[in-house]
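Side-chain atoms are counted along with the backbone in the values below, which use heavy atoms only and exclude waters and symmetry mates. The model shown is predicted, which means the values in this text are computed figures rather than measured ones. Residue numbers begin at 1 in each chain, while the letters A, B, ... track the order of the sequences.
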2 protein chains.
Amino acid sequence: MEAAVRVIAQHGVRGLRVEQLAAEAGVSTALIYYHFKDRGGVLRAALEHVNQRAQDYTDQALSTTEEPRAQLENLLLLELRDETEVAMNSIAWGELRASAVFDPDLRDPLTATTRAWNDDVETLLARAGATAPALAAEHLTALVEGLSERWHTGSITLDRARAVLTHAIARELGD
Amino acid sequence: MEAAVRVIAQHGVRGLRVEQLAAEAGVSTALIYYHFKDRGGVLRAALEHVNQRAQDYTDQALSTTEEPRAQLENLLLLELRDETEVAMNSIAWGELRASAVFDPDLRDPLTATTRAWNDDVETLLARAGATAPALAAEHLTALVEGLSERWHTGSITLDRARAVLTHAIARELGD
DNA sequence: GTCTATACAGAGATAGAC
DNA sequence: GTCTATCTCTGTATAGAC
């Protein structure tokens with residue numbers, strides 16, 4: 001799965017070749033098919049893996065003793081970071097999201113993860129005193145996805161994306 | 001190009017087969033290669049076509065005599081509409097955006113269009129009395145992209161996406 | 001569980017006629 | 001400009017041995 005995330009982050013879902021994945025993982029292609037039904041099965045498993053990793057990050061951010069406002073900023077800015085692992089996860093996640101437009105099998109896990117993320121953000125927003133936490137949560141999480149994609153396509157710098165997000169959070173919290 | 005947009009909207013950039021495009025356009029595959037260098041050339045031309053269409057919509061929205069605030073809402077909500085043609089354009093645009101992560105040839109036209117859109121939105125925001133129009137413009141346009149993708153993956157309904165966007169606009173204009 | 005070898009299909013691209 | 005026919009390569013997936 002880690003090899004899959006690497007390959008997807010480098011070449012996209014469309015560019016994922018089973019042979020290359022095998023090479024990246026240091027095994028034969030046949031072994032891939034032993035563990036997964038087909039190429040689509042690899043993608044589904046990869047999506048679940050990325051989701052899981054995102055959830056782990058989230059839980060970590062939520063388990064601190066910081067103020068709600070600081071927790072909220074941390075949680076949302078998690079995706080917009082410079083470290084290789086985060087960036088790869090983010091690219092792979094964006095790819096799988098985009099693929100889900102045409103691959104119904106990917107939709108359910110995607111929707112579930114999105115909902116869980118929204119809920120976490122909504123809780124923090126409510127604690128931080130937002131007036132419309134549900135709307136605000138969908139607003140901010142969708143914004144993170146939009147900014148993330150712009151970052152990956154080079155349409156915006158990472159710093160600028162973080163500034164835009166911080167600005168939007170401030171607007172939601174009324175300052 | 002219209003056939004290309006249809007095929008991309010239905011099967012994605014990833015699913016665009018030259019043969020299918022030819023069928024959709026009612027010509028032979030050889031003719032595609034006569035007019036375009038290769039499959040990548042088709043994609044680049046399709047992106048330009050979608051960009052142009054988006055620019056036309058934008059100009060139209062800007063040429064009305066409405067209040068800046070109403071113009072702003074119209075312009076941003078343009079992408080989130082139910083009509084087949086708009087939805088197809090929006091899906092194709094999203095696909096091409098996602099593809100640009102791995103296809104450097106698509107990046108320049110993408111960045112140019114994004115910038116033009118940002119500028120238009122920024123102008124309207126300034127007229128409508130926003131306090132930080134540049135930041136707000138990038139905020140709102142990136143949000144539209146995020147919401148648009150969620151809509152296409154079925155993670156949010158169209159009405160809800162529109163509500164979230166309207167909410168975000170209101171926040172930026174301080175009510 | 002894991003490999004090597006290979007069958008098979010699909011899709012990009014071109015040749016050459018009209 | 002446009003077609004039919006076809007070549008070629010790449011990539012998915014399987015067979016069968018260890």
Side-chain angles (χ1 to χ4, degrees), chain A residues 1-50 52 88 91-92 94-107 109-110, chain B residues 1-50 52 88 91-92 94-107 109-110:
Chain A
M1 284 303 96
E2 279 165 24
V5 171
R6 281 197 298 276
V7 175
I8 291 174
Q10 270 180 49
H11 304 278
V13 166
R14 182 178 200 268
L16 182 146
R17 310 280 171 239
V18 179
E19 195 173 349
Q20 187 174 12
L21 168 59
E24 183 78 27
V27 300
S28 66
T29 67
L31 191 59
I32 304 288
Y33 288 99
Y34 176 81
H35 285 288
F36 303 93
K37 184 183 175 296
D38 54 18
R39 185 178 175 279
V42 174
L43 292 182
R44 280 189 294 281
L47 176 57
E48 272 165 39
H49 184 256
V50 171
Q52 186 54 53
M88 285 205 308
I91 293 180
E95 264 293 289
L96 289 160
R97 249 170 24 225
S99 305
V101 175
F102 304 98
D103 186 346
D105 286 346
L106 295 176
R107 289 191 181 185
L110 180 70
Chain B
M1 283 305 96
E2 279 164 24
V5 171
R6 280 198 298 275
V7 174
I8 291 174
Q10 271 180 49
H11 305 279
V13 164
R14 305 170 172 74
L16 181 145
R17 311 281 171 242
V18 179
E19 195 173 348
Q20 187 173 13
L21 168 59
E24 183 77 25
V27 299
S28 66
T29 67
L31 191 59
I32 305 287
Y33 287 99
Y34 176 81
H35 286 288
F36 304 93
K37 184 183 175 298
D38 54 19
R39 183 179 177 279
V42 173
L43 293 182
R44 281 190 292 283
L47 176 56
E48 273 165 38
H49 184 256
V50 171
Q52 187 53 54
M88 284 203 311
I91 293 180
E95 264 293 288
L96 290 160
R97 255 175 11 232
S99 305
V101 175
F102 304 99
D103 185 346
D105 286 347
L106 296 177
R107 289 190 181 182
L110 181 70

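Distance alone, capped at 3.5 Å, is enough to place a donor-acceptor pair between the B:Arg39 side chain and the B:Leu16 backbone.
Screening B:Leu106, B:Val42, B:Ile8, B:Val13 against B:Leu47 for a side-chain contact (heavy atoms from CB on, under 4.5 Å) leaves a single residue, B:Leu106. For the side-chain contact (heavy atoms from CB on, under 4.5 Å) with B:Phe102, the qualifying choice from A:Glu95, A:Gln10, A:Arg14 is A:Glu95, the only one to do so.
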Tabulate protein N/O versus nucleotide N/O from nucleotides 10-12 of chain D, keeping only pairs under 3.5 Å, one per line.
unit_1, atom_1, unit_2, atom_2, d
D:dG11, OP1, A:Arg17, NE, 2.8
D:dG11, O5', A:Arg17, NE, 3.4
D:dT12, OP1, A:Leu16, O, 3.4
D:dT12, OP1, A:Arg39, NE, 3.2
D:dT12, OP2, A:Val18, N, 3.0

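Every residue two or more places apart in sequence or in another chain was checked for a side-chain hydrogen bond (donor to acceptor under 3.5 Å, both in side chains) with A:Asp38, and none qualifies.
Using a 4.0 Å cutoff on non-hydrogen atoms, no part of residues 97-104 of chain A comes near DNA chain D.
B:Val5 is listed as a side-chain neighbour of B:Val50, based on a closest heavy-atom distance under 4.5 Å. Contact of the A:Glu2 side chain with the A:His49 side chain is registered, since non-hydrogen atoms from C-beta on lie closer than 4.5 Å.
Computed from coordinates, the A:His35 NE2 to C:dC3 C1' distance equals 12 Å when rounded to whole Å. For B:Leu21 and C:dG12, the CG to C1' distance is 13 Å, given to the nearest whole Å. The interatomic distance linking A:Lys37 (NZ) with D:dT14 (C1') rounds to 13 Å, in whole Å. In this structure, A:Leu31 atom CG and C:dC3 atom C1' are separated by 9 Å, rounded to whole Å. Rounded to whole Å, atom C1' of D:dG1 lies 14 Å from atom CZ of B:Phe36.
Minimum interatomic distance between A:Gly41 and A:Phe36 (heavy atoms only, all atoms of both residues): O-CD2, 4.0 Å. The heavy-atom pair separating B:Ile91 from B:Ala9 by the smallest distance is CG2-O, 3.7 Å.
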